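Below is one structure, written out as structure tokens, with a few remarks after it.
Remember, it's a predicted structure, so these values are computed and weren't measured experimentally. In what follows, chains are A, B, ... by sequence order, proteins preceding strands, each numbered from 1.
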Amino acid sequence: MSPAAVLSGPFGTLDHVYVVVAGERLLPVPPVGGAARPAGRPGHWAAAVRELEAAEGPRWVWADTRETYAPLLEQGVRVARCHDLALTEGLLLAHEGRHGEPRSARAAHARLRGLPVPDDRPSAPGTLFAPEPLGAEAVAEVLADQLRRIAALPEPGRFRLLVAAESAGALVADEMAHDGMPWRRDVHDALLTDLLGPRPVHGMRPARLQTLADEVAAAFGRPVNPDSVQQLVKAFKGAGVALKTTRQWELKRIDHPAVTPLLAYKELARLHSAHGWAWADQWVRGGRLRPEYVVGGVVSGRWATSGGGALQIPKVLRRVVLADDGWLLVVADAAQLEPRVLAAMAGDVGLARAAGEIDLYSALARSFGGERDHAKIAMLSAMYGGTSGDASKLLAVMRRRFPKAYQFVEDAAKAGEEGRIVRSWLGRTSPPPSQRWKELVSGPEGSRAARDRGRFTRNFVVQGTAAEWALALLAVLRGRLPEPARLVFFQHDEVMVHCPAELADEVIAAVTEAAAEATRLLFGPTPVRFPMGAVAVESYADAK
DNA sequence: TGTCATTGCGCC
DNA sequence: AAAGGGCGCAATGACA
């Protein structure tokens, strides 16, 4: 695939740029946050951004999307494209084998100038005063340096796409936090009350949990805190049941009257503590859930959240996510994304042919000469390094039928085991082995440590590329949504759009087109299909 | 009283 | 049905 092939569409090059700070052809932007924000005319620069966006649609360059874009959104200003210096710096540093170095635009600038580099990593002690924002020249210098470094890479076209997609993700993350996902607090409260009893005063157990805790204690004939692993293990031991852990699956194999109320307690206690009333108080405002997304927060390129736990919302709460009156939720997820990504990356003709069908595993099974379930196990084991059950026998079939795909993930695993780094399709780089790992790998448990890292790098190339495809989808879809439809949720391979009911069909079509475009951007012409199942529903619970 | 590691479990 | 890897979060318990 030629690098030029991936440069069309919404990503483009960086030849039309506004650096959002002071200077010629550049916009003055006030320092954001802290006491440095000038009083009086907060809308002034936002209005200028709005005008230039409408007139020229540039790619905005700024040090940090959250700092600059969140205030723009507050002013009702949205932009189509940006280049986030900090995210780009992180990608470049990792590619250059400098994974842990500070990645803020300020740090990048200090490195360029040979000045002391401020430690902006999360582990660094917090600073008392927000630093002055970088000036225009400094931002422009960092940008120029980054463009030079990207141009020197072996696959600059792919990396430019990665930078553009990552930056677009940053825009989406801020927009989703700004718009929020519809969340019916009244439905949530009713559900909690139904399952747990009325909301207790702070620090108390809800009635239903207390009843279950009492039943557990009664089953043991003595007081036991069901939240305490130690107490539970001791209590079971006293009852003649030896347990290593108190995980669900282990408890389920045990015949003891405490098990049933304990499992019920665990499930409900988790709902209460992780997504109960206190959680809603903190994260739901004005009928919207507004979590903080961390773009690139996972080494593989997946997003993380800091607070709000939006990527771990339990399925029982999906019925709390309800469209506004007259609106619908378009929920779409990519079917079997990771095996499709592997098929496209590895250039394995047989696997790509199977991935050209809607049900990849059935197609795989036909080509495999076996059952669908077996084909699925073989595929997952290849991607994740599984060893359980029939895996090795099935992997042998996999190796024979799909040699290039098999070799692709084997190579990634071997690199990991040998302490080398691996890269995703667009060039996101895995962390190098830690010092601890290097010590471990030459010790008595060395082969175990090597295998563990092999599984990580094996998974990294697939998960990382899947994350890139999803980011590209998000970026394209964002640009195709009709007003006033809004992206309100994104979870690895799933998106949700909130839109007026009459626009739902248009939004579903946009999702389908965006999937095709994302596929083209990453892989060029490929027989592999990436089907997105998109449905319009009133409640998230009805999406599956 | 605070910090840190561990355990367990939710999501993909 | 699950397996694999990746996360965030809450509670406990050890320790300072």
Would you say the ring centroid of A:F489 lies under 6.0 angstrom from that of A:H498? no
Check whether the side chains of A:Y384 and A:E338 place a donor and an acceptor atom closer than 3.5 Å, and report yes or no. yes
Under the salt bridge (charged side-chain N to carboxylate O under 4.0 Å, His left out) test, residues paired with A:D359 that sit two or more places apart: A:R372
Nearest-angstrom distance from the residue atom CD of A:E338 to P of C:dA3: 14 Å
Within 45° of the ring axis of A:W183 and under 6.0 Å from its six-membered ring centre, is that where the NZ or CZ of A:R288 lies? no
I'd like the 5' and 3' limits of the part of DNA chain B contacted by chain A, with heavy-atom contacts below 4.0 Å. B:dT7 to B:dC12
Parallel, tilted or perpendicular: ring planes of A:W425 versus A:F523, cut at 30 and 60 degrees: tilted
Where do N or O atoms of nucleotides 6-13 of chain C meet protein N or O atoms at under 3.5 Å, pair by pair?
unit_1, atom_1, unit_2, atom_2, d
C:dG8, O4', A:Q312, NE2, 3.4
C:dG8, N2, A:R270, NH2, 3.2
C:dC9, OP1, A:G307, N, 2.1
C:dT12, OP1, A:N225, ND2, 3.4
C:dG13, OP1, A:S228, OG, 2.4

Quick one: label A:R453 by what it contacts on the DNA or RNA (base, sugar-phosphate, nothing), any heavy atom closer than 4.0 Å. nothing
Angle between ring planes, A:F530 versus A:W469, binned at 30° and 60°: parallel, tilted or perpendicular? parallel
Around atom CD of A:E267, are there more than 12 heavy atoms of other residues, nucleotides or ligands at under 6.0 Å? no
Could you check whether atom CD of A:Q491 has more than 12 heavy atoms from other residues, nucleotides or ligands sitting under 6.0 Å from it? yes
